[in-house]
Amino acid sequence: MRLMQENWIGRSEGLKFDFTIVETGEKLPVYTTRPDTLFGASFCAISADHPIAAKLAEDNAELEAFVQECRQTGTTEEALEKADKNGYHTGLHVTHPFDDSIKLPVYVANFVLMDYGTGAIFACPAGDQRDLDFARKYDLPVLPIVLPEGEDAASFEIGTEAYTGPGTLYNSGFLDGLDIDTAKATVIDRAEAEGWGERMVNYRLRDWGVSRQRYWGTPIPFVHCDDCGVVPVKSEDLPIKLPEDVSFDKPGNPLAHHPTWKKTSCPACGKDAERETDTMDTFMDSSWYFMRFCTPDADEPFDGSVVDEWLPVNQYIGGVEHAILHLLYARFFTRALNHIGRTKIKEPFEGLFTQGMVNHVTYKDSNDEWVFPELVRTKEDGGLYRSDTGLVVKAGRIEKMSKSKRNVIDPDDIIDQYGADTARWFVLSDSPPDRDLQWTEAGIEGAWRFNQRICRLVSEPSVALSPMGSDMPTSLSDSALALRKASHKTIKGITADIEGLHFNKAVARLYEFAAAISVKLEGAGAGEAMREALETLVLLVCPMMPHLAEEMWQQLGYETLASNAPWPKAEEALTVDATVKMAVLVNGKVRDTIEVAKDMSKEDVEAVAMGSEKVQSFIEGKTVRKVIVVLGRIVNIVAN
RNA sequence: GCCCCUGUGGCGGAAUUGGUAGACGCGCGGGAUUCAAAAUCCCGUUCCUUCUGGGAGUGUCGGUUCGAUUCCGACCGGGGGCACCA
């Protein structure tokens with residue numbers, strides 16, 4: 001996640017310096033992250049959109065044609081991928097900064113981007129694949145300058161693959177023998193000292209075009225006046241509100257169609273003028289809504305002191321699809337608001353939990369239309385058809401549920417059939433929330449059965465419950481104590497599961513708890529232990545099946561709400577057992593299990609393990625070399 | 001091409017982060033109850049096997065370790081992101 005954002009920002013450090021063009025005396029600024037490879041430079045390349053290329057193209061039809069060609073291939077991204085490296089020699093040359101006698105030819109090249117760096121590069125074919133491809137194609141020199149460890153300078157050659165790994169500089173004058181990082185620093189220092197270049201940080205962050213031609217967005221508070229041009233709306237007239245009587249019948253922007261909304265007067269000269277009908281991207285709002293959320297009553301956008309108290313958000317839960325844009329922009333906004341002193345917080349979100357996406361098979365009928373899964377029926381021969389039109393249906397890729405592809409399931413159907421509690425329980429039970437999930441209703445029966453089962457446990461308890469609020473007796477029968485332990489272990493486990501967002505594990509634990517409640521109870525404390533267990537069950541189930549929990553809570557005699565009751569607290573003493581089961585391994589294979597007192601010493605545990613008949617039969621005739629005892633876990637006996 | 005995530009029974013998925021692999025659920029098989037069915041309950045269910053037992057097994061191959069689903073290396077498959085960024 002962080003990494004994706006880092007890639008998106010694309011910070012790089014390097015050297016920016018000017019070449020001097022021999023023929024014209026002009027400066028040609030270039031940017032590089034590998035100043036250490038300067039001695040391996042064999043040509044310069046500029047973008048087809050570079051001013052120098054444009055100027056030359058004015059009286060060079062051939063170059064003009066080449067520039068046009070580059071622009072065309074540049075638009076289709078797929079073509080780019082396989083496009084060959086192409087260039088056009090401008091006839092110009094530049095002087096090498098370290099050696100006046102070296103003149104490098106200047107090409108216009110299709111792989112150089114105008115909007116990154118300076119739109120011009122120097123190329124070191126030995127250290128960059130693109131440069132190498134180009135050099136091979138136009139038969140330009142390739143001088144290796146980085147020697148990988150273990151290679152011999154006399155024999156190391158660059159074939160069709162550039163060497164980009166670590167190594168030692170050579171063929172590089174004063175840089176010879178340095179490693180890459182030191183060489184980079186040396187060149188930059190020298191460039192700055194001699195005044196022909198400077199250290200530069202570059203980002204490849206993309207522009208964010210914030211205007212949208214749509215209704216749902218914040219109006220952009222500007223007015224277009226024939227005389228004054230674009231004029232900002234006066235601050236006392238803010239905010240501009242969207243009209244509510246818009247129609248969406250016509251294609252295009254409803255604001256532009258609206259008969260009156262855009263008509264206004266110029267804030268500067270008072271003449272008739274028109275409002276800007278584009279609105280802002282909704283990312284604009286989603287980048288700081290959490291601040292407004294803390295202070296909904298503030299007259300200003302938000303009250304910084306309140307925001308500082310509540311934020312940052314401890315746990316943000318969202319889908320991966322917002323990994324970069326929304327979450328990154330929100331960080332930028334927060335950073336900016338922090339810089340201008342509106343808030344003290346530096347980051348908006350402390351923790352992020354990315355939910356998986358819900359996927360479903362897509363269906364298309366013979367008219368090439370997407371089909372809702374609920375309309376798809378299976379024929380006897382296994383073929384698919386639409387229940388409404390009868391057209392043949394083909395199953396396509398499994399994809400993220402989306403309205404446009406109609407591979408969505410309406411939860412209302414399963415809510416109608418099983419109720420909201422069961423539906424919710426089922427969704428939580430199946431898959432950990434961070435994983436992508438392929439939607440299926442297989443298994444919902446189990447959720448329904450559980451729902452019914454716990455209802456019965458409460459309405460027909462196997463022993464008479466003690467009255468509400470009665471004290472737990474000091475002495476308990478074995479079965480009552482066992483149930484109490486189950487209750488408290490479950491409380492402890494579920495609390496941790498929910499904290500960690502492992503809802504599916506919490507569900508599994510509740511299934512086990514229900515099984516523990518079903519066992520026969522007798523003797524002292526049975527009624528009390530059962531009441532405790534059932535109340536615990538209700539409270540633990542409450543976040544996942546709230547309606548059912550309230551009903552059961554009433555059956556247990558309460559007139560309050562289970563959701564308002566405090567979360568149960570585990571008694572630590574009841575969550576630990578006096579004995580512990582341990583596996584006994586001989587040469588790494590489980591041969592027996594033993595049950596020993598929890599606090600038994602390693603020596604005693606070893607003795608018990610060695611005393612096992614099964615173990616003896618496996619070590620018979622062998623010499624015991626080593627015994628490893630991990631208390632509470634395993635005993636491993638190594639023998640041969 | 002580069003980066004990230006992921007791979008465990010017929011299926012969804014557990015495994016206290018190096019310590020009994022397969023919890024729990026689904027499905028399937030068997031049984032109880034019933035005139036019968038529904039519902040419910042119990043038992044079994046990784047694979048192989050010469051079956052009171054033994055062997056193999058967490059994508060594949062190797063390594064570290066007394067011990068590896070877990071750590072390391074290479075490869076294969078699936079998903080996602082970036083993509084001529086100098």
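Only this structure's heavy atoms are used, side chains among them; waters, hydrogens and symmetry mates stay out. Letters go in sequence order (proteins before strands), and every chain restarts at 1.
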Across all strands, who's sitting opposite B:rC28 as a Watson-Crick or G-U wobble pair, both distances under 3.5 Å?
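Across all strands, the one nucleotide that pairs with B:rC28 is B:rG44.
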
Mind calculating the distance between [atom1] ([X]) and [atom2] ([N]) to the nearest angstrom?
{"X": "A:D434", "N": "B:rA14", "atom1": "CG", "atom2": "C1'", "value": "14 Å"}
{"X": "A:E13", "N": "B:rA86", "atom1": "CD", "atom2": "P", "value": "12 Å"}
{"X": "A:L328", "N": "B:rG81", "atom1": "CG", "atom2": "P", "value": "16 Å"}

Just N and O in the side chain of [X]: are any of them under 4.0 Å from OP1 or OP2 of [N]?
{"X": "A:K589", "N": "B:rA56", "value": "yes"}
{"X": "A:Y511", "N": "B:rA23", "value": "no"}
{"X": "A:N504", "N": "B:rA14", "value": "yes"}
{"X": "A:R435", "N": "B:rA14", "value": "yes"}
{"X": "A:S431", "N": "B:rG13", "value": "yes"}
{"X": "A:R449", "N": "B:rG25", "value": "no"}

Counting any heavy atom closer than 4.0 Å, what does [X] reach on the DNA or RNA strands: base, sugar-phosphate only, or nothing?
{"X": "A:F426", "value": "nothing"}
{"X": "A:R509", "value": "nothing"}
{"X": "A:R591", "value": "sugar-phosphate"}
{"X": "A:V638", "value": "sugar-phosphate"}
{"X": "A:V627", "value": "nothing"}
{"X": "A:G10", "value": "nothing"}

Does atom CD (A:E551) have a neighbourhood of more than 12 heavy atoms from anything else shown, all under 6.0 Å?
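No, the 6.0 Å shell around CD holds no more than 12 heavy atoms from other groups.
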
With a cut-off of 6.0 Å (strictly less than), are more than 12 heavy atoms of other residues, nucleotides or ligands near CD of A:E595?
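Counting neighbours around CD of A:E595, more than 12 heavy atoms of other residues, nucleotides or ligands fall under 6.0 Å, so yes.
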
Between the side chains of A:E572 and A:K492, is the shortest nitrogen-to-carboxylate-oxygen separation below 4.0 Å, so that they form an ion pair?
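Counted as a salt bridge, because a side-chain N and a carboxylate O are separated by less than 4.0 Å.
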
Salt bridge A:K489-A:D577, side-chain N to carboxylate O under 4.0 Å
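Answer for the salt bridge query: yes.
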
As an exercise, state the distance from NZ of A:K505 to CG of A:D497, rounded to the nearest 0.5 Å.
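Nearest 0.5 Å value for the NZ-CG distance: 6.0 Å.
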
Taking the six-membered ring for Trp, are [X] and [Y] closer than 6.0 Å centroid to centroid?
{"X": "A:Y511", "Y": "A:F513", "result": "no"}
{"X": "A:Y107", "Y": "A:Y138", "result": "yes"}
{"X": "A:F98", "Y": "A:W196", "result": "yes"}

Need the glycosidic conformation of [N]: syn if within 90° of 0, anti if not. Which one?
{"N": "B:rU17", "result": "syn"}
{"N": "B:rG9", "result": "syn"}
{"N": "B:rC48", "result": "anti"}

Could you check which of [options] has an atom nearest any side-chain atom of [X]?
{"X": "A:E512", "options": "B:rA14, B:rU20, B:rC24", "result": "B:rC24"}
{"X": "A:A583", "options": "B:rU20, B:rA86, B:rU16", "result": "B:rU20"}
{"X": "A:S12", "options": "B:rU20, B:rA15, B:rA86", "result": "B:rA86"}
{"X": "A:R453", "options": "B:rA86, B:rU16, B:rC41", "result": "B:rC41"}

With a 3.5 Å distance limit and no angle check, can you tell me whether A:S42 reaches the backbone of A:P141 through a side-chain donor-acceptor pair?
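Yes: the side chain of A:S42 pairs with the backbone of A:P141.
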
Closest nucleotide of RNA chain B for A:W8 versus for A:I628: which of these residues is on the 5' side?
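Taking each residue's closest nucleotide, the earlier one in sequence belongs to A:I628.
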
Could you tell me how far B:rG12 sits from B:rU64 if I compare only their P atoms? Round to whole Å.
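Result for the P pair: 34 Å, nearest Å.
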
Among residues 494-503 of chain A, which residues get a heavy atom nearer than 4.0 Å to RNA chain B?
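Those residues whose heavy atoms fall under 4.0 Å from RNA chain B, taken from residues 494-503 of chain A, amount to none.
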
